[in-house]
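For reference, the structure is listed below as structure tokens.
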Amino acid sequence: MAFGEGKAEHLENDLAPATTAEDQTVLADNVAYGPGGIKGIVSSPFVFGAAFIASLGGFSFGYDQGVISIINVMPQFHDRYPEVSPSTPGSGFYKGFMTAMLELADKISRKWALSVVVCIFNLGAIIQTAPPDYGTLVAGRTIGGIGVGTLALGAPLYISEISPPNLRGALLVLESVSIVSGVVVAYWITYGTRYMDGEIAFRLPFGLQVVAVTALGGAIHLFPYSPRWLSLVNRNDDALQALAKLRRLPPTDERVQTEWKGIMAEVEFQNVVQERTHPGKRGFKLEVLQWTDLFKKKTLRRTAVGMGVAFFQQFSGINAFIYYAPSLFETLGAGYEMSLILSGALNILQLVAVVICFFVIDHVGRRPLAFWGAVGMFLVYVTIAALVGVYAPSWNNAAAGWATVSMAFVYMLVYGVSYSPLGWALPSEVFSTATRAKGVALSTATVWISNFIIGVIVPPMLESAGYGTYIFFAAFCGLAAVWAWFLVPETKGKTLEEMDDVFGDTSGQAEKEMMKQAAANARRRSTAAMSMASQANEAREKNAV
């Protein structure tokens, strides 16, 4: 039943002193269901199971990245598809285009339902496994990219929305670890299959992609919908039941009630902001206006930080190492076998660095990591460029060759503890509540577009530019240091109001004025939902009698 303005005001007075939406969401974020970290995960097996299954999407994304690195240098692969053979003029572009189709497709796939996406991904994997020609192979990776992109993007969202506040950070780590684990597993599987005779050497690793994603598609239906999504579509009673199931507590538990009301308050707040900022606007026009809000003067710096960290995360050259590490190590003078072993070790080091970074980021802070991480990578690239410029291509100085290889490992450590986590942490922190969804989406799109560009340009650069490839990435790392120095604030532990001071705007304060109305609306919805649930229970009891 709709409430009029007078009734809403009367309800607000009856509940005085009113709890603001900010108070409700803060209370929800501080609900304690138990210890954090590993102990909390062990004590919450149902949530951990849901998060683990969802994180298989990240594993599949990482697997798809890792599987191509050795396949790109397999003689069996070159024999079957001469377009990617090093002996074919211009093969660098074809190799990069095939690899990068995954990244371009990623950014358009987020609206598909999960079950449909699994089917799309499996279709792409099947086409990749048995393509008769290069064009079909590219088509398979494009179709697979649509699927794996949705999985990689949707998993963190689902995990963050089902996780209790005390475990959210730890469970999101699981997603990051899964991505890198997928890279490592795919690499070493392909390292083993390369000894097989014939095309099975590369077709088998391609085909194994379906295992993890099929498990995800089937098992995810054993777990409930996101309570926040249910609230967004006005299924508030279902949201309460899903939350209670996830927390393994009755719906009447005070902690479950507090978190549930906080979720509804956040949803109501989004509705209030939308109506006050763009009154009367609906549909496509409203969507366009909400995106343009990110580029208004008061939010432009926040957008520059969110998009900037996403851009520099990719233009620091990380995926040049992941995708083309064997080729890269061969250009540094390593033999074929040694280049494969070094590439595998580099992937393992990345996994170690990703785990370490989550213990570092909240102690060191974001701004120092952004600046010194960029400086560190810049120095590494300058050193590599100097060594390659002096000693390549003959590499008659073994010490210089190994020094160059060691710089690649130093790079991976520096990146792993800086821009690897920052690319995901900063966008979720710098935007105000009303612009966060769009801001994070825009930052994520920047990651995929930048990744696509890197995937296309690196192979031709390695073929023709020589040490200029490393100068190219050094220049962008230098720009990242300048960007970090002048634009990146310290966001660690900052509240919404403190973030206003950091960015010199009043986004948070303006939003705070709308929170009281959102709180009243949320309380109204929770009262109505509880009343409906009570009536349904009474009806069931009467029918049972």
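Sequential numbering from 1 along the given sequence is applied to the chain's residues.
Atom CG in L351 sits 8.0 Å away from atom CD1 in I348 (nearest 0.5 Å).
Every residue two or more places apart in sequence or in another chain was checked for a ring-ring contact (aromatic ring centres under 6.0 Å, His included) with F409, and none qualifies. Here T446 pairs with M307, A310, F311, S450 under the side-chain contact (heavy atoms from CB on, under 4.5 Å) rule; sequence neighbours left out. For F295, there are no ring-ring contact (aromatic ring centres under 6.0 Å, His included) partners, not counting sequence neighbours. Applying the side-chain hydrogen bond (donor to acceptor under 3.5 Å, both in side chains) rule to Y411 yields the partners S316; only residues at least two apart in sequence or on another chain are considered. Take W188 and apply the ring-ring contact (aromatic ring centres under 6.0 Å, His included) test, not counting sequence neighbours, and it matches Y191. With sequence neighbours excluded, the residues that form a side-chain contact (heavy atoms from CB on, under 4.5 Å) with I189 are Y63, V185, T193, L208. By the side-chain hydrogen bond (donor to acceptor under 3.5 Å, both in side chains) test, D293 pairs with H278, K296, sequence neighbours left out. For P368, the side-chain contact (heavy atoms from CB on, under 4.5 Å) criterion is met by V364, W372, E490, not counting sequence neighbours. When the side-chain contact (heavy atoms from CB on, under 4.5 Å) test is applied to F46, the partners found at least two apart in sequence or on another chain are F223, P224, K245, L246, R248. Residues satisfying the side-chain hydrogen bond (donor to acceptor under 3.5 Å, both in side chains) criterion with T383, sequence neighbours excluded, are absent altogether.
Residue pairs meeting the side chain to side chain donor-acceptor pair (under 3.5 Å) criterion with at least one member in residues 413-422, sequence neighbours excluded, do not occur.
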Side-chain donor-acceptor pairs of residues 473-485 under 3.5 Å, sequence neighbours excluded:
from: W483; atom 1: NE1; to: A304; atom 2: O; distance (Å): 3.4

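No donor-acceptor pair under 3.5 Å is formed between the side chain of T404 and the backbone N or O of I384.
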